[in-house]
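Accompanying notes for the structure given below.
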Amino acid sequence: MDLTPLDIRYQEFPTGIRGYQKEAVRAYLAQVAEVLEGLIREKEELRNQVRALEEENARLKEAEGELKRAVVAAERIARELKAQAEREAELIRKEALAAKDQVLREAAEELERVRAEIQRAKQEKALFVAQVKALFQGYLDSLRRLEEDS
């Protein structure tokens, strides 16, 4: 049986020979009805607060879910960036090694060319010295014959 404050306020009681004093009962019932009205208002306010808190809780749970998804996405992006940076570093390292090898090959080729040029210059020098010696030897021979003839 659900009683409302109005039910309490206007409740009628049967009276007997020495029955209740109607005014005292009515005053008491009025007080009880006021207390009950206050409790009902308080109950409704508490229900509203619970509803608001449940809505806030749902909103916070949704925000927490979004935050967790954002963190997972940020971690995934960080892993991808790290992997990309490692790939780029490896590519740069390989390019540097290839450039080093190219420079070494070119230096070795240049060294071989310079050595060949030095060898050719030595051969030309030896040929020139031999030709000059032969020329001077020819002049000496000619001078000796001239001395012998005079």
Side-chain angles (χ1 to χ4, degrees), residues 1-140:
M1 172 171 160
D2 286 335
L3 288 179
T4 66
L6 286 176
D7 292 334
I8 293 170
R9 196 176 296 274
Y10 296 107
Q11 176 68 39
E12 293 289 330
F13 297 98
T15 58
I17 296 177
R18 295 181 64 92
Y20 298 105
Q21 290 181 359
K22 287 186 179 185
E23 291 305 316
V25 169
R26 289 200 189 281
Y28 179 74
L29 291 175
Q31 286 179 341
V32 169
E34 285 179 24
V35 168
L36 185 58
E37 286 173 353
L39 291 173
I40 290 172
R41 278 192 299 274
E42 185 179 341
K43 179 182 169 185
E44 191 58 35
E45 287 174 12
L46 290 173
R47 278 187 184 158
N48 289 337
Q49 287 178 0
V50 166
R51 234 180 279 121
L53 290 173
E54 286 173 345
E55 290 172 2
E56 179 70 9
N57 188 34
R59 188 186 64 73
L60 290 174
K61 281 185 178 181
E62 183 178 326
E64 179 186 20
E66 290 175 11
L67 184 59
K68 284 180 181 178
R69 286 188 293 277
V71 167
V72 168
E75 288 173 345
R76 180 184 48 80
I77 290 169
R79 283 191 305 271
E80 290 173 0
L81 287 174
K82 182 180 176 186
Q84 181 180 355
E86 287 172 352
R87 286 190 302 270
E88 288 176 4
E90 182 63 21
L91 181 61
I92 290 169
R93 187 185 69 77
K94 286 180 180 179
E95 287 174 351
L97 287 174
K100 177 195 78 157
D101 290 344
Q102 177 67 26
V103 167
L104 287 175
R105 273 194 305 277
E106 289 173 359
E109 290 171 1
E110 181 67 15
L111 179 62
E112 193 57 37
R113 187 189 64 73
V114 168
R115 283 181 178 163
E117 196 172 304
I118 289 171
Q119 186 62 32
R120 187 179 52 78
K122 284 180 180 179
Q123 289 171 351
E124 287 179 4
K125 175 186 167 192
L127 179 62
F128 176 75
V129 168
Q131 288 173 347
V132 168
K133 276 184 180 179
L135 182 63
F136 284 141
Q137 190 62 46
Y139 288 145
L140 281 174

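No hydrogens, no waters, no symmetry mates; every other heavy atom, side chains included, goes into these values.
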Notebook entry, point to check: If you round to the nearest 0.5 Å, how far is CG of L67 from CG of L60?
Noted result: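 The CG atom of L67 is 11.5 Å from CG of L60, to the nearest 0.5 Å.
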
Item checked: Pair listing, side-chain hydrogen bond (donor to acceptor under 3.5 Å, both in side chains) test, anchored in residues 92-101, at least two apart -> E90-R93

Next item on the list: Only pairs at least two apart or in different chains count here, so list each side-chain hydrogen bond (donor to acceptor under 3.5 Å, both in side chains) that has a residue in residues 42-51.
Entry: N48-R51

Check: Residues two or more places apart in sequence or in another chain: which of them pass salt bridge (Lys or Arg N to Asp or Glu O under 4.0 Å) with E64?
Finding: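 Partners of E64 by the salt bridge (Lys or Arg N to Asp or Glu O under 4.0 Å) criterion, ordered by chain and then number, come out as K68.
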
Next item on the list: Check the pair R59 / E62 against side chain to side chain contact (heavy atoms under 4.5 Å, CB included), numbers first and verdict last.
Entry: CA-CA 5 Å; R59 188 186 64 73; E62 183 178 326; 5.7 Å; no

For residues 104-114, please give each side-chain donor-acceptor pair under 3.5 Å, one per line with the distance, not counting sequence neighbours.
| from | atom 1 | to | atom 2 | distance (Å) |
| --- | --- | --- | --- | --- |
| R105 | NH2 | Q102 | OE1 | 2.6 |
| E106 | OE2 | Q102 | NE2 | 2.7 |
| E110 | OE1 | R113 | NE | 3.2 |
| E110 | OE1 | R113 | NH2 | 3.4 |
| E110 | OE2 | R113 | NH2 | 2.3 |
| R113 | NH1 | E117 | OE1 | 3.0 |

Atom pairs and distances, donor-acceptor, side-chain atoms in residues 120-134, under 3.5 Å, two or more places apart:
| from | atom 1 | to | atom 2 | distance (Å) |
| --- | --- | --- | --- | --- |
| R120 | NH1 | E124 | OE2 | 2.7 |

Give every donor-acceptor pair under 3.5 Å between a side-chain atom in residues 77-84 and any protein atom, sequence neighbours left out.
| from | atom 1 | to | atom 2 | distance (Å) |
| --- | --- | --- | --- | --- |
| E80 | OE2 | R76 | NH1 | 3.1 |
| Q84 | NE2 | E88 | OE2 | 3.1 |

